[in-house]
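Take a look at the structure set out below.
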Amino acid sequence: MGLKMKYLKSTNSVLNFFLILLVITFCSFFFFAPSKYLQENKNNDIAKIELTDFNMYQVNNDFVDMKIEGSKAFQFSDYEILYGFLASRYNPQSKNTYEYISGDEVIKRGDKYHFPRGGIYIKSDRGSFWSEGGIYDYRKEIFKGEGDFIFNTTDGYFEGEDIIYNRRTQNIKAKNINSQIILETEPRKGKGK
């Protein structure tokens with residue numbers, strides 16, 4: 001009987017050891033499992049592509065439609081952030097002019113460029129405006145300003161809020177406009193003398 005008792009005590013020790021290991025293993029699944037929050041946000045914070053001092057070209061069927069330059073860019077899964085942004089476009093509809101849009105920081109989602117820290121739009125025919133913020137829709141070719149703007153042309157100086165510029169029609173709309181218009185002061189030749 002003494003031999004049987006020794007055997008049972010040693011079997012219980014081994015069994016207890018493995019039961020304790022099993023309990024520790026199951027507990028570790030709950031205590032050391034990765035957080036769902038970290039898994040969801042982990043991929044969104046890391047840029048897939050990073051560029052410095054870059055030039056990109058967007059081409060349509062006939063020619064280079066837009067050239068984009070910048071000092072730094074980050075591409076994430078559903079948006080891009082561009083720093084030192086400058087885009088130039090040729091506009092054959094408006095006396096063959098070039099148009100430029102720039103901003104310190106630009107967020108691109110799809111075909112829309114968001115200018116949270118302001119944007120400057122310059123036309124080679126001497127018209128330009130600055131907007132406190134805004135969104136440029138590449139496909140619709142419309143810039144919708146957010147906040148104050150200042151618009152300069154050879155004909156005058158305008159300021160107001162929420163400028164909307166349609167590149168295709170060359171129309172500009174805004175709210176609360178104040179202007180200073182430059183009138184011609186020299187008399188026309190052939191009259192009066």
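As a basis for the values below, the full set of heavy atoms in this structure was taken, side chains included, without hydrogen atoms, waters or symmetry mates. Owing to the predicted nature of the structure, the values given are computational and were not obtained by experimental measurement.
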Item checked: Residues forming a side chain to side chain contact (heavy atoms under 4.5 Å, CB included) with N55, sequence neighbours excluded -> Y57, K67, E69

Notebook entry, point to check: With I49, which residues qualify under side chain to side chain contact (heavy atoms under 4.5 Å, CB included), at least two apart?
Noted result: L51, Q75

Please tabulate, for side-chain N and O atoms in residues 105-118, each donor-acceptor pair with protein atoms closer than 3.5 Å (sequence neighbours left out).
unit_1, atom_1, unit_2, atom_2, d
E105, OE1, R117, NH1, 3.3
K108, NZ, G110, O, 2.8
D111, OD2, R139, NE, 3.1

Next item on the list: Hydrophobic side-chain clustering at under 4.5 Å (ILVMFWY, transitive links): who's grouped with I164? Put none if nobody.
Entry: I142

Notebook entry, point to check: Mind checking what makes salt bridge (charged side-chain N to carboxylate O under 4.0 Å, His left out) contact with D137, not counting sequence neighbours?
Noted result: none

Note to self: Run the ring pair (Phe, Tyr, Trp, His ring centres under 6.0 Å) test against Y138 and tell me which residues pass, sequence neighbours left out.
What the structure shows: none

Next item on the list: Quick one: list whatever passes side-chain hydrogen bond (donor to acceptor under 3.5 Å, both in side chains) with Y157, sequence neighbours left out.
Entry: E159

Margin query: Taking salt bridge (charged side-chain N to carboxylate O under 4.0 Å, His left out) as the definition, give me every residue that meets it alongside K72, ordered by chain and number, with sequence neighbours left out.
Written below: E50

Margin query: Checking K175 now: which residues fulfil salt bridge (charged side-chain N to carboxylate O under 4.0 Å, His left out) with it, not counting sequence neighbours?
Written below: D162

Note to self: The criterion is side chain to side chain contact (heavy atoms under 4.5 Å, CB included); which residues satisfy it with I20, sequence neighbours excluded?
What the structure shows: I24

Next item on the list: Could you tell me which residues satisfy side-chain hydrogen bond (donor to acceptor under 3.5 Å, both in side chains) with N176, sequence neighbours excluded, listed by chain and number?
Entry: E161

Next item on the list: Using the test side chain to side chain contact (heavy atoms under 4.5 Å, CB included), find all partners of D155 that sit at least two apart in sequence or belong to another chain.
Entry: T153

